Amino acid sequence: MLEPLAPIGRDPDTDGYVRDAWSPAEMELREWFAGEAARRGLDLREDRNGNLWAWQGEPGPGRPGVVTGSHLDSVRQGGAYDGPLGVASAFAALDLLRARGVTPARPLGVVCFTDEEGARFGVPCVGSRLLTGALDPARALALKDDDGDTLADVLTKAGRDPGRLGRDDETLSAVGTFVELHVEQGRGLVHEGRPVGVASAIWPHGRWRFDFRGQANHAGTTRLADRDDPMLPFARMVLAAREAAARLGVVATVGKVRVSPGNANAVPGQVSAWLDARGAGERDVRALVRELAEGAHAAVAEESWTPVVSFDEALRDRLARVAGGDGTPAPVLPTGAGHDAGILATAGVPSAMLFVRNPTGVSHSPDEHAEQADCEAGVVALADVLEDLCR
């Protein structure tokens, strides 16, 4: 099922993927999802926030279902597995259950969340945050992409009603348990020597925008002493982030920078930089950002924050026991990557995650990879888990 997705949104120069939310590439992927749902006779629904749900059986009051799935959008120049592996595996697991002759006693759903990566508008997990009420609709609609288009503009062009965005209790009430399968974004399973693992927790993480302001001027005629170059404090902030991260035991990256006016022969007038910071403990992450903000001489705004997510222990242990397959529980490990499962867990929905081994540990890159045999092991583990949860 991954083969038809391979050319969609692919950059031929880098082999990376650009699948922004609501872009032509992501819309094509949504059509693929609808086709896979129709092929299996599933009831396809799009909620008020653009998330897609494909149901076998009718969830309702007092009869919530078991849901699995992930997302289909990507970071810029991302890999082939982050998101799509979880969606394709969800359909494949459903096929496997049917091949086994299993008739689930509970409704079973496959979900595709919209805008999980936040590559276009800067805020991750927009679809699940809106669904659970963690993101204010007014703020979401005002978010702008690099071309200056707001989410409201983009939704209107895609034929959606921006006025419908917001917490969706009807959809939420249909989800009794959520299990997300995802390629591991590290090498924990490589060290464990196992193809499939279970998530214990998601580190707290956030994104902050630093705006450094100076004065645009001619690069050749302005004396060094007369320059107000915002690139200098920006550079110092990048180095300070690395030093502070090492000292505090967290991770921090400036992965996106916007320079204005962006002329090679001009001193810039403004540099905007986005800091991503994560760690095992919120206190240390917050301390890093506070330290950088105090020394940066910049306007700093928090664009997103996700507190630590500790997945339900009973559900986690149940998954580890069932997904182990050979009588040995699957390894349980934390992750520094955010996921829709974390948003749902924070909102009180019993949620858990399965990881599929990544031999290189590389993710958010064209080098992201998972072996076919490990992907198949992930499908079997997911099917076993769904069969157990749907008894």
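Numbers here are sequence positions counted from 1. Source: prediction; values computed, not measured.
Residues L96 and V385 are members of separate hydrophobic clusters, defined by side-chain heavy-atom contacts under 4.5 angstrom among Ile, Leu, Val, Met, Phe, Trp and Tyr. Cluster membership for L315 and L181, using ILVMFWY side-chain heavy atoms within less than 4.5 angstrom, is shared.
Of the N and O atoms on the side chains of D82 and H182, at least one donor lies less than 3.5 Å from an acceptor on the other residue. Between the side chains of S272 and D211, at least one donor N or O lies within less than 3.5 Å of an accepting N or O. Under 3.5 Å, the side chains of D153 and T150 contain a donor-acceptor pair of N or O atoms.
Between D11 and R76 no salt bridge is recorded (no basic side-chain N to carboxylate O distance below 4.0 Å). Under the 4.0 Å criterion applied to side-chain N and carboxylate O atoms, D47 and R45 are not assigned as salt-bridge partners. Ionic pairing of E117 and R207 is not present here: no N-O contact between side-chain nitrogen and carboxylate oxygen is shorter than 4.0 angstrom.
Each of T306, T346, N49 was compared with R129 under the side-chain hydrogen bond (donor to acceptor under 3.5 Å, both in side chains) criterion, and only T306 meets it. Remark: of the listed residues D146, D147, D73, D145, D145 is the sole one forming a salt bridge (Lys or Arg N to Asp or Glu O under 4.0 Å) with R120.
For residues 257-281, no pair satisfies ring pair (Phe, Tyr, Trp, His ring centres under 6.0 Å), with sequence neighbours left out.
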Using a 3.5 Å cut-off and no angle test, enumerate the donor-acceptor pairs between side-chain atoms of residues 244-251 and protein atoms at least two apart in sequence or in another chain.
{"from": "R247", "atom 1": "NE", "to": "E243", "atom 2": "OE2", "distance (Å)": "3.1"}
{"from": "R247", "atom 1": "NH1", "to": "E291", "atom 2": "OE1", "distance (Å)": "3.4"}
{"from": "R247", "atom 1": "NH2", "to": "E243", "atom 2": "OE1", "distance (Å)": "2.8"}
{"from": "R247", "atom 1": "NH2", "to": "E291", "atom 2": "OE2", "distance (Å)": "2.7"}

Evaluate E184 against V190 for side-chain contact (heavy atoms from CB on, under 4.5 Å), listing each step before the verdict.
CA-CA 10 Å; E184 190 192 0; V190 173; 5.7 Å; no
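Between W208 and W305, the two ring planes are tilted [angle within 30° to 60°]. Relative orientation of the F113 and W53 rings is perpendicular, given thresholds of 30° and 60° on the angle between their planes.
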